2 protein chains.
Amino acid sequence: MKKGHQVTMKEIAKKLGVSVSTISRALKDSPELHPDTKKRIVEMAKEMNYQPNLLAQSLRISRTNTLGVIVPEITSHFFASCISGIQDHANKRGYNVMICQSNETLELEKANIRTLVASQVDGLLISLSRETNQFDHLLDIYNREIPFLLFDRVNEDIPVSRVTFNDEGGAYQVTKHLLETGCKRVMYVSGPEDLYISKKRKEGYLHALNEFGITPDPALVKISDLTIEGNIKIGKEIAEMKSRPDGVFCMIDPVAIDILTFWKSIGIKVPDDMALAGFTNNPTSAVVEPPLTTVAQPGYEMGKLSVTHLLDQLDGIASDDPISIVLETTLVPRQSTKALK
Amino acid sequence: MKKGHQVTMKEIAKKLGVSVSTISRALKDSPELHPDTKKRIVEMAKEMNYQPNLLAQSLRISRTNTLGVIVPEITSHFFASCISGIQDHANKRGYNVMICQSNETLELEKANIRTLVASQVDGLLISLSRETNQFDHLLDIYNREIPFLLFDRVNEDIPVSRVTFNDEGGAYQVTKHLLETGCKRVMYVSGPEDLYISKKRKEGYLHALNEFGITPDPALVKISDLTIEGNIKIGKEIAEMKSRPDGVFCMIDPVAIDILTFWKSIGIKVPDDMALAGFTNNPTSAVVEPPLTTVAQPGYEMGKLSVTHLLDQLDGIASDDPISIVLETTLVPRQSTKALK
DNA sequence: CTGTTAGCGCTTTCAA
DNA sequence: TTGAAAGCGCTAACAG
């Protein structure tokens with residue numbers, strides 16, 4: 001398919017018998033033009049349906065007014081919300097956004113960075129893939145002074161700004177809630193151990209246990225690979241334990257939901273047999289039966305704060321020194337845990 | 001923040017004392033270069049961490065290898081899946097993707113088109129907003145010969161390719177299913193009437209009724225504005241009808257789920273009091289209680305087919321003549337409708 | 001085998 | 001008040 005030709009300033013200039021620079025000036029409403037010329041040009045531009053070529057502009061000023069975003073996957077409601085927040089607020093400040101997903105692989109994450117950088121984005125907002133356990137690609141763009149920050153899935157060794165939730169605090173809240181509603185043996189189902197959130201949420205879990213004077217029991221920490229099969233496997237293992245926990249806190253909602261579904265199929269009652277809680281507050285968590293106690297993470301807000309901070313840095317409103325923005329989470333108690341007495 | 005300077009060919013050239021075009025040739029592995037020079041250049045480029053400037057390349061060849069995508073909202077699981085399919089397969093063919101959301105408004109849809117066109121995307125994949133009831137902006141890009149197609153939320157008056165589901169067929173399947181499982185009075189809860197899918201799904205609904213020799217009852221068609229409040233209002237109206245339907249088919253899952261939740265709160269049992277079905281097969285529909293009978297629409301597949309067709313047209317593999325691609329849907333019977341005898 | 005030149009569309013000095 | 005010229009980074013036709 002031949003792409004339709006776009007009108008250029010040159011063509012308007014020829015049609016009107018003036019120079020290209022005059023067109024340029026007229027179109028950006030320069031004051032040093034004769035009103036008549038300006039009027040003629042503006043009208044002609046409209047008539048010919050002229051649209052500026054952002055590519056050319058960007059090349060000239062070496063700025064694209066475009067930001068790159070890399071998320072593990074777009075179909076996750078949480079990341080979709082982040083993207084939404086990023087996009088709305090980037091647009092508000094005159095920026096466009098290019099979105100890529102790493103599909104949770106290091107390889108694609110690297111490739112995405114390469115393309116976005118080649119596309120001359122003015123900055124990057126990155127949420128790391130599950131696989132990302134080495135950071136050369138990030139240090140590389142850091143050394144090349146390409147402005148970027150990390151959000152949600154971050155790493156603490158890269159000297160750039162980070163936007164995270166208070167994962168430790170959220171996990172503390174929900175574990176405490178389980179303990180307050182009568183659980184004595186609370187289990188933590190984690191994701192892969194080198195994930196930032198796996199660690200942070202475990203800290204919160206341990207913190208709450210400690211506060212209640214409970215010695216952590218290694219048998220009460222399990223690690224899922226976060227696939228459906230992996231989650232169900234954990235559900236099964238728990239069901240078959242000689243001495244089961246009476247409350248289970250899962251690192252993310254999908255784990256809890258998979259376990260819940262499996263338990264229902266084998267007749268385990270939640271919360272009577274075991275209480276269950278998740279983290280993230282996915283839309284799904286509200287409609288399962290029983291509705292799942294979880295911790296709300298405002299994704300849109302995270303996106304908004306992230307992009308705002310990065311643009312503030314780009315625009316010189318904020319200092320270039322890395323900062324850490326921590327968003328608070330909110331406990332959402334539902335029927336999958338018992339009520340407070 | 002000052003953006004780090006990107007190495008250019010010019011700088012490599014100066015460092016090596018050769019001309020820029022030699023650099024260019026070496027970097028694209030031109031055969032007409034002395035192997036030594038080539039080697040020196042490639043090594044130096046690597047050492048200096050050279051990355052080609054896609055902007056400059058694009059400007060030169062008047063092609064960006066970038067596609068624009070406009071969806072009503074990214075946080076919908078269905079559209080997120082479409083995007084995922086689009087992105088994966090665009091990348092596979094060397095294209096990047098810029099995604100925008102219209103937030104279901106005509107105004108943003110227009111603005112998005114403007115930006116994407118100004119950014120010189122090579123083509124557009126558009127799913128119309130709910131508000132879109134005039135089409136000047138589409139005719140405009142059509143007249144300007146910018147390649148694009150419509151998917152899912154389409155309009156039949158624009159002479160471009162369309163990718164849709166067999167909405168009529170899916171609605172027929174699910175209505176038939178309700179009738180086969182014993183319902184006598186099946187209601188259709190539609191969205192706004194000028195929505196393409198509202199119409200198409202109604203046709204399928206009427207088709208099934210007709211096949212079962214049932215005269216459509218205007219009291220058995222309701223229209224929701226698709227907000228939570230609107231959906232609940234419909235749920236309430238149904239509950240208060242003197243002669244209720246015994247089966248309700250909702251145009252999209254969220255409507256069914258909102259109604260289900262409301263009904264549960266007032267003690268109406270599904271499917272015993274009334275059977276209920278949706279459309280789309282949102283992840284949520286599988287985990288509500290009872291699980292919702294629905295019609296599966298493979299979003300990823302739709303994205304994949306859409307982008308493949310558009311790229312085929314761009315690459316001259318497919319004809320420029322508009323075609324209509326229709327994807328089949330699958331009935332997913334679950335417990336919110338009674339079982340077949 | 002390599003350099004020179006021109007040009008993609010636009011903006012911005014510098015001159016007139 | 002307007003035009004000419006240079007340049008953003010890259011490629012390709014043309015010349016050597």
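In what follows, chains are A, B, ... by sequence order, proteins preceding strands, each numbered from 1. Computed from a prediction, not measured in an experiment: that's the story for all the values here.
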In whole Å, I'd like the distance from the CD1 atom of B/Ile61 to the P atom of C/dA6.
23 Å

Both A/Thr22 and B/Gly17 contact DNA chain C. Taking the nearest nucleotide for each, which residue is further toward the 5' end?
B/Gly17

B/Val117 versus B/Leu124, closest heavy-atom pair with distance:
CG2-CD1, 4.3 Å

Ignoring hydrogens and geometry, is there a side-chain-to-backbone donor-acceptor pair from A/Gln87 to A/Ser84 under 3.5 Å?
no

What nucleotide among D/dT2, C/dC8, C/dC1 has an atom nearest to a side-chain atom of A/Lys10?
C/dC8

Atom-to-atom span, CG of B/Leu27 to C1' of C/dT2 - whole angstrom:
16 Å

Can you tell me how far the OG atom of B/Ser58 sits from the CG atom of A/Leu54, to the nearest 0.5 Å?
12.5 Å

Residue closer to the 5' end of DNA chain D, A/Leu59 versus A/Pro31 (nearest nucleotide):
A/Pro31

So, does A/Lys28 get its side chain near the phosphate of C/dC10, meaning an N or O under 4.0 Å from OP1 or OP2?
no

Looking at B/Gln6, I'd like to know whether one of its side-chain N or O atoms comes within less than 4.0 Å of OP1 or OP2 on D/dG9.
no

Could you tell me the separation between the NE2 atom of B/His34 and the C1' atom of C/dG3, rounded to a whole number of Å?
17 Å

Gap between atoms CG and C1', on B/Leu54 and C/dC8 respectively (whole Å):
15 Å

Please state whether the base of D/dA4 and the side chain of A/Ser21 form at least one donor-acceptor pair under 3.5 Å?
yes

Can you tell whether the side chains of A/Arg153 and A/Glu104 come within less than 4.0 Å, N to carboxylate O?
yes

Rounded to whole angstrom units, what separation is found between the CD1 atom of A/Ile12 and the P atom of C/dG9?
12 Å

According to side-chain hydrogen bond (donor to acceptor under 3.5 Å, both in side chains), does anything in residues 39-56 of chain B pair up with another residue at least two apart or in another chain? List the pairs.
A/Asp140-B/Asn49

Side-chain N or O of B/Ser62 less than 4.0 angstrom from OP1 or OP2 on C/dC8?
no

If I take atom CE in residue B/Met9 and atom C1' in nucleotide D/dA12, what distance separates them, rounded to the nearest angstrom?
12 Å

Which pair of non-hydrogen atoms, one from A/Phe79 and one from A/Val71, has the smallest distance, and what is that distance?
CD2-CG1, 4.0 Å

Is the shortest side-chain N/O distance from A/Gln57 to OP1 or OP2 of C/dG9 below 4.0 Å?
no

When rounded to whole Å, the CD1 to P distance for the pair A/Ile23 and D/dT1 reads 17 Å

Contact under 4.0 Å: B/Thr8 side-chain N or O vs D/dG9 OP1/OP2:
no

When only distance counts, do a donor and an acceptor, one from the side chain of A/Thr37 and one from the base of D/dT1, lie under 3.5 Å apart?
no

Taken to the nearest whole Å, CG/A/Leu55 to C1'/D/dG7 is 16 Å

Do the side chain of B/Arg60 and the base of C/dG9 come within less than 3.5 angstrom through a donor-acceptor pair of N or O atoms?
no

From the options C/dG3, C/dC1, D/dA4, select the nucleotide whose nearest atom is closest to the side chain of B/Val18.
C/dG3

Checking D/dT2, C/dT12, D/dA13 against the side chain of B/Arg25 (C-beta onward), the nearest is D/dA13

